[in-house]
Number of protein chains: 2
Amino acid sequence: MARRSDHTRAELEKLIVDEAHRQMEDVGFQAFSAREVAKRIGYSIGTLYNVFGSLNRLLLAVNARTIGLWVAEIEAALERAENDRIGALVESYFAFAGRHRNIWSAVYDHRSPAGEELPDWYRAALESLTGVMVREVAAALPESRQMEAPALAGSLLALVHGHCVFALDGTFRLLGVEAPLELAVTRVREILGDGQSRGES
Amino acid sequence: MARRSDHTRAELEKLIVDEAHRQMEDVGFQAFSAREVAKRIGYSIGTLYNVFGSLNRLLLAVNARTIGLWVAEIEAALERAENDRIGALVESYFAFAGRHRNIWSAVYDHRSPAGEELPDWYRAALESLTGVMVREVAAALPESRQMEAPALAGSLLALVHGHCVFALDGTFRLLGVEAPLELAVTRVREILGDGQSRGES
DNA sequence: ATAATTATTGAACATCGCTCAATATGACGC
DNA sequence: GCGTCATATTGAGCGATGTTCAATAATTAT
């Protein structure tokens with residue numbers, strides 16, 4: 001099969017995460033299988049465990065990659081945005097989740113085993129996401145309310161996340177609500193204070 | 001083993017859901033096992049499938065029961081509440097999730113297989129939950145804003161859900177936010193309009 | 001060339017959801 | 001009481017899963 005000269009350790013790690021991420025995108029969290037990933041890249045299941053130690057860490061690697069792509073897309077949308085940065089933020093958050101349901105859901109569907117603490121590189125990925133929120137919220141707030149920024153950012157993250165979850169799982173449909181994104185944006189505007197918002201391009 | 005004279009069909013169904021619900025509360029969604037449930041009540045795995053048809057429907061029955069308990073607890077809190085009904089609503093929502101993490105999480109962790117539509121009795125359970133939200137939001141809104149009630153109720157549900165998820169999974173801790181419940185209540189008050197709120201008992 | 005080190009394997013184990021021919025049980029007519 | 005039929009219950013069997021680890025292959029060091 002595969003020879004160890006074919007790939008350095010780092011290359012092999014990337015090869016596995018690549019395929020695992022593709023697999024997650026295709027079949028979703030429930031149907032994800034480490035064996036299938038191994039088969040597709042031509043290595044045995046054992047090698048997969050040698051490299052990542054556990055399925056948990058492989059899934060964290062997959063999710064960290066997802067978060068990275070997600071943050072990149074949000075940042076790109078923010079660069080394109082002219083005035084309405086908060087609107088662009090919420091919109092691109094939603095857009096990514098809608099366009100990549102499987103990998104997006106996996107971030108929240110997977111739970112690390114109890115007692116296991118998150119690796120630093122995964123924490124860093126999470127913080128890059130929350131970091132964008134805190135930064136943009138701070139920028140949208142007047143000087144006098146800067147100290148509220150972190151709490152407000154958390155609140156906004158929770159608000160947008162909730163709307164996103166219920167938009168995708170059908171809860172909003174069940175309620176007869178048909179524009180969850182607009183709803184979320186409206187909520188966010190109310191919360192950041194009506195002073196500098198309400199709708200412009 | 002168990003004789004058919006021991007239980008009517010309805011009793012057997014209840015026996016299974018009882019044990020499955022207990023099991024879910026004890027070990028959580030990931031470790032839940034239909035085989036284990038069968039073993040504990042002294043029936044075989046086959047009987048379980050005869051009664052419920054699939055694991056999906058058993059899990060829906062477990063989750064429907066959870067939602068029932070949840071709604072009952074919220075309604076009880078609302079009856080005790082004097083003035084601040086919205087505060088009581090959010091607080092009891094949070095309290096249930098915190099006190100029954102496993103069964104609460106299972107409601108959102110479980111996904112029905114694609115294409116399978118939800119049984120009416122499960123829809124009814126979901127609607128009893130959303131119904132409380134719509135009713136209370138409507139009661140908290142002035143006459144002039146009654147038409148917004150359903151959309152606002154959905155928004156509030158999403159907002160509270162998001163805060164609840166991030167409170168339990170550690171995201172708020174990661175952000176340095178230490179009072180997610182109060183944060184959620186504040187957000188809800190802002191959204192319903194400051195006219196009749198801001199903090200009184 | 002030989003020894004020591006490291007990478008890779010994949011059969012083996014326990015467990016899972018799920019199926020279905022076989023069996024046990026109960027009810028009914030005579 | 002007996003035989004017949006319908007129904008309830010079983011649990012071995014199937015194809016998967018995650019995980020382990022002695023055995024093997026490949027590389028490096030001596």
Side-chain angles (χ1 to χ4, degrees), chain A residues 1-17 19-21 23-24 26-63 102 106 109-116, chain B residues 1-17 19-21 23-24 26-63 102 106 109-116:
Chain A
M1 294 299 178
R3 301 292 126 87
R4 107 194 211 190
S5 61
D6 288 353
H7 309 97
T8 68
R9 192 71 172 205
E11 284 170 345
L12 181 51
E13 202 170 307
K14 180 174 170 347
L15 185 70
I16 295 173
V17 179
E19 182 55 42
H21 197 259
Q23 185 71 8
M24 186 66 83
D26 288 348
V27 307
F29 181 76
Q30 310 199 28
F32 182 88
S33 153
R35 272 189 157 93
E36 181 66 23
V37 172
K39 191 185 299 176
R40 296 233 206 192
I41 59 173
Y43 276 83
S44 78
I45 177 67
T47 297
L48 231 141
Y49 274 83
N50 287 340
V51 173
F52 283 93
S54 68
L55 182 65
N56 176 45
R57 291 181 81 90
L58 172 55
L59 290 175
L60 287 179
V62 168
N63 287 344
N102 281 341
D109 286 346
H110 174 57
R111 307 248 200 288
S112 279
E116 194 121 343
Chain B
M1 295 295 179
R3 302 292 127 88
R4 107 196 211 185
S5 59
D6 287 354
H7 309 97
T8 68
R9 192 71 170 204
E11 284 170 347
L12 181 51
E13 203 171 306
K14 180 171 170 353
L15 185 71
I16 296 173
V17 179
E19 182 55 43
H21 197 259
Q23 186 70 8
M24 186 67 81
D26 287 347
V27 307
F29 181 76
Q30 310 197 31
F32 182 88
S33 152
R35 272 190 157 93
E36 181 66 23
V37 172
K39 191 185 299 175
R40 297 235 204 191
I41 59 174
Y43 276 83
S44 79
I45 177 68
T47 297
L48 230 141
Y49 274 84
N50 287 340
V51 173
F52 282 94
S54 70
L55 182 66
N56 176 44
R57 292 181 79 90
L58 172 56
L59 290 175
L60 287 179
V62 168
N63 287 345
N102 282 341
D109 286 347
H110 173 59
R111 307 249 201 285
S112 279
E116 194 120 343

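Within every chain, numbering begins at 1; the chains are lettered A, B, ... in the order of the sequence lines, protein sequences first and strands thereafter. Scope of the values below: all heavy atoms of this structure, side chains included, with no hydrogens, waters or symmetry mates. What you see is a predicted model; the values in this text were computed from it and never measured.
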Side chain of T47(B) (C-beta onward), nearest among dC16(C), dT10(D), dA11(C): dT10(D)
Any side-chain heavy-atom pair of I16(B) and Y43(B) under 4.5 Å: no
Residue mapping more 5' on DNA chain D - nearest nucleotide basis, A31(A) or G53(A): A31(A)
Sugar-phosphate only, base, or nothing, as touched by L58(A) at under 4.0 Å among non-hydrogen atoms: nothing
Side chain to side chain, R111(A) and D109(B), heavy atoms closer than 4.5 Å: yes
Nearest-neighbour nucleotide for the Y49(A) side chain, dC18(C), dG18(D), dT8(C) considered: dG18(D)
Sugar-phosphate, base or nothing in reach of F32(A), heavy atoms under 4.0 Å: sugar-phosphate
Whole angstrom value for the distance that separates P of dG17(C) from CD of E116(B): 16 Å
Closest nucleotide among dT9(D), dC18(C), dG10(C) to the L12(B) side chain: dT9(D)
Nucleotide nearest R35(A) when distance is taken to its side chain, options dT10(D), dT19(D), dT9(C): dT19(D)
Residue pair R40(A) / Q23(A), side-chain donor-acceptor N/O under 3.5 Å: yes
dT6(C) base / R9(A) side chain donor-acceptor hit below 3.5 Å: no
Proximal nucleotide (of dC18(C), dT8(C), dT19(D)) relative to the N50(A) side chain: dT8(C)
Nearest-nucleotide pick for L55(A), side chain only, options being dT19(D), dT9(C), dT10(D): dT19(D)
Sugar-phosphate only, base, or nothing, as touched by S33(A) at under 4.0 Å among non-hydrogen atoms: sugar-phosphate
